[in-house]
There are 2 protein chains.
Amino acid sequence: MLLSKACIYGVRASLYMSLVYQKDRYISIREMSEKLNISFHFLTKILQQITHAGLMHSYKGPNGGINLSKDPNEITIIKIVDAIDGMAVFTECVIGLPGCGRNKPCPLHEKWAVARQELQDMFENTTLHEMAISSKKLNLRLSDELSIEELMI
Amino acid sequence: MLLSKACIYGVRASLYMSLVYQKDRYISIREMSEKLNISFHFLTKILQQITHAGLMHSYKGPNGGINLSKDPNEITIIKIVDAIDGMAVFTECVIGLPGCGRNKPCPLHEKWAVARQELQDMFENTTLHEMAISSKKLNLRLSDELSIEELMI
DNA sequence: TATATTTAAGACAAATTAGTCTTTAATAAA
DNA sequence: TTTATTAAAGACTAATTTGTCTTAAATATA
Ligand code: SF4
Ligand code: SF4
């Protein structure tokens, strides 16, 4: 598995956030957890990591919740990944040898270094906005149960 | 982490095996575990998975051990990965949604499907032999401690 | 045959990741 | 000011992965 469960949930929640994004409108974690079928408390902790990274803001009390700290077209997926799993996936060795790049490289290096970079580029060049657009257009799925159309009713 | 620890150790051990490969010569797991700095019992279980997949043979008793069931140039890395972690990495969704491809695809699909395929190609098109050759040539590292030159003394 | 060497098998323990629950703090609105 | 609503914090449990240990089975060789 490339990304941890926590990270995966973080990405899904971010996508949901950008689908319903309106400046100054807070989305409750409870609502999101139910729509996306993710444990409420687990999602809360994941979103805390994301807010600590400065990508979202939270607000307590009635009508409180979470909102994106910038427009979805200014947030790339890699920021979400970084906030939760860190950048290790994009820097570490496929076969787990320490000190990649610093000392002599290991056998798989030539091919892995390329693939790794492509993965990083993919996350780096995809914004939440871009994904939200194509999601809506194609009525793609964001939870295991519901398509985006069903999700946003 | 793309591959599990078990899988990573399996790949490292396979590389070691192909570096010292001689038809009908068994390598003891003890020796390998010490050279590669991997827990002996853990490595034993990993190699069992690989032998069950038919990629290696084992032999008990004095001068027993493990050997590759085919020439290293007939074994691709993906076979090792498959034997331990399975093929899920190459088929599953980045954001963990079930039923990829069968129903409607999810937002990241277009980019991920390409990256995923490239990763699979990389493992599919790299043989143990190929890696062993370039490893020797460049004196690359296979354990966190020793380069291949030091390893094979 | 007896002994030493080696893998096989499986119980067990430790570490990490995933997920749950309870209590506290902040805020809005009645 | 009281109550309801929401996120924050942290203790706790469950599941999975990683790693250890002990015993059994197979084999070579003395
Ligand atoms: S040089 Fe490449 S293959 Fe080697 S340790 Fe680094 S990432 Fe891995
Ligand atoms: S279609 Fe692509 S992005 Fe969607 S679930 Fe499948 S792999 Fe993932």
Side-chain angles (χ1 to χ4, degrees), chain A residues 1-13 17 24-69 81 83-86 88-89 92 95-96 144, chain B residues 1-13 17 24-69 81 84-86 88-89 95-96 144:
Chain A
M1 204 160 37
L2 190 73
L3 306 176
S4 70
K5 281 291 192 89
C7 188
I8 282 170
Y9 296 156
V11 171
R12 290 192 207 169
M17 295 287 296
D24 301 325
R25 180 187 165 214
Y26 288 89
I27 305 297
S28 93
I29 302 178
R30 176 70 64 184
E31 177 195 321
M32 237 190 302
S33 75
E34 282 166 2
K35 296 253 190 176
L36 298 180
N37 214 24
I38 299 171
S39 148
F40 167 69
H41 292 288
F42 195 29
L43 184 56
T44 296
K45 287 201 285 193
I46 294 163
L47 289 171
Q48 272 173 52
Q49 294 185 263
I50 295 178
T51 56
H52 288 155
L55 302 168
M56 298 185 186
H57 288 135
S58 69
Y59 203 82
K60 291 177 185 170
N63 302 313
I66 305 283
N67 77 354
L68 296 172
S69 62
V81 172
I84 299 165
D85 278 356
V89 217
E92 78 193 352
I95 58 173
D144 44 358
Chain B
M1 203 161 38
L2 190 75
L3 306 176
S4 69
K5 282 293 193 88
C7 187
I8 282 170
Y9 294 158
V11 172
R12 290 193 207 170
M17 295 286 296
D24 300 326
R25 181 188 165 214
Y26 287 90
I27 304 297
S28 95
I29 301 179
R30 176 69 67 184
E31 178 194 321
M32 238 190 300
S33 75
E34 281 166 2
K35 296 253 189 176
L36 298 179
N37 213 23
I38 299 172
S39 146
F40 167 69
H41 293 287
F42 195 30
L43 184 56
T44 296
K45 287 201 284 192
I46 294 164
L47 289 171
Q48 272 172 50
Q49 295 185 262
I50 295 178
T51 56
H52 289 157
L55 302 169
M56 298 185 186
H57 288 135
S58 69
Y59 203 82
K60 290 177 185 171
N63 303 313
I66 305 282
N67 77 353
L68 296 172
S69 62
V81 172
I84 299 165
D85 278 355
V89 217
I95 58 173
D144 44 358

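Naming convention: chains lettered A, B, ... in sequence-line order (proteins, then strands); numbering from 1 in each chain.
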Taking [atom1] from [X] and [atom2] from [N], how many angstroms apart are they, rounded to a whole number?
X       : N      : atom1 : atom2 : result
B/Gln49 : C/dT7  : CD    : C1'   : 15 Å
A/Leu43 : D/dA7  : CG    : P     : 10 Å
A/Tyr59 : C/dA25 : OH    : C1'   : 13 Å
B/Ile84 : D/dT16 : CD1   : C1'   : 17 Å
A/Asp85 : C/dT16 : CG    : P     : 16 Å
B/Glu31 : C/dT7  : CD    : P     : 10 Å
A/Arg12 : C/dA18 : CZ    : P     : 12 Å
A/Ile29 : C/dG19 : CD1   : P     : 16 Å

Atom [atom1] of [X] and atom [atom2] of [Y]: how far apart are they, to the nearest 0.5 Å?
X       : Y       : atom1 : atom2 : value
A/Ile95 : B/Lys5  : CD1   : NZ    : 13.0 Å
B/Ser39 : B/His41 : OG    : NE2   : 7.0 Å
A/Leu43 : A/Gln48 : CG    : CD    : 10.5 Å

As a test of reading the structure: which of [options] is closest to the side chain of [X], going by heavy atoms?
X       : options               : answer
A/Gln48 : D/dA9, D/dT20, C/dT20 : D/dA9
A/Phe40 : C/dT20, D/dA7, D/dT27 : D/dA7
A/Lys45 : D/dA11, D/dA9, C/dA8  : D/dA11
B/Ser4  : D/dT18, C/dT20, D/dA7 : D/dT18
B/His52 : C/dA9, D/dT6, C/dT6   : C/dA9
B/Lys60 : C/dA8, D/dA4, D/dT18  : C/dA8

Task: A/His41 vs A/Lys5, nearer the 5' end of DNA chain C by closest nucleotide - done: A/Lys5
Open item on the list: Go nucleotide by nucleotide along DNA chain C from the 5' end; which of A/Asn63 and A/Ser39 gets its closest nucleotide reached first?
Closed with: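 This one resolves to A/Ser39.
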Open item on the list: Please find the pair of heavy atoms, one from A/Ile66 and one from A/Met17, that lie closest to each other, and give the distance.
Closed with: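 Reported closest heavy-atom pair: O-CE, 3.2 Å.
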Task: Heavy-atom pair of closest approach, residues B/Ser4 and B/Ile84 - done: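 Closest approach of B/Ser4 to B/Ile84: OG-CG2, 4.4 Å.
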TODO: Tell me, with the steps shown, if A/His57 and A/Ser69 meet side chain to side chain contact (heavy atoms under 4.5 Å, CB included).
DONE: CA-CA 6 Å; A/His57 288 135; A/Ser69 62; 3.5 Å; yes
Open item on the list: At 4.0 Å (heavy atoms only), tell me whether B/Thr51 reaches a base, stays on the sugar-phosphate, or touches nothing.
Closed with: nothing
Open item on the list: Does B/Tyr26 reach a base, just sugar-phosphate, or nothing at all? Heavy atoms under 4.0 Å.
Closed with: nothing
Task: N or O in side chain of A/Ser58 less than 4.0 angstrom from D/dA8 OP1/OP2 - done: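 Checking A/Ser58 against D/dA8: at least one side-chain N or O falls below 4.0 Å of OP1 or OP2.
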Task: OP1 or OP2 of C/dA18 under 4.0 Å from side-chain N/O of A/Tyr9 - done: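 No.
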TODO: On DNA chain D, check which nucleotide each of B/Phe42 and A/Pro62 is closest to and give me the residue with the more 5' one.
DONE: A/Pro62
- [ ] Return the orientation label for the A/Tyr9 and A/Phe42 ring planes: parallel under 30°, perpendicular over 60°, tilted otherwise.
- [x]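 Rings of A/Tyr9 and A/Phe42: perpendicular, as their planes differ by over 60°.
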Open item on the list: Need the bend value for the helix from C/dT1-D/dA30 to C/dA30-D/dT1: angle between end axes, 5 pairs each end, nearest 10°.
Closed with: 10°
Task: Working for side chain to side chain contact (heavy atoms under 4.5 Å, CB included), residues B/Met56 and B/Asn67 - done: CA-CA 5 Å; B/Met56 298 185 186; B/Asn67 77 353; 5.8 Å; no
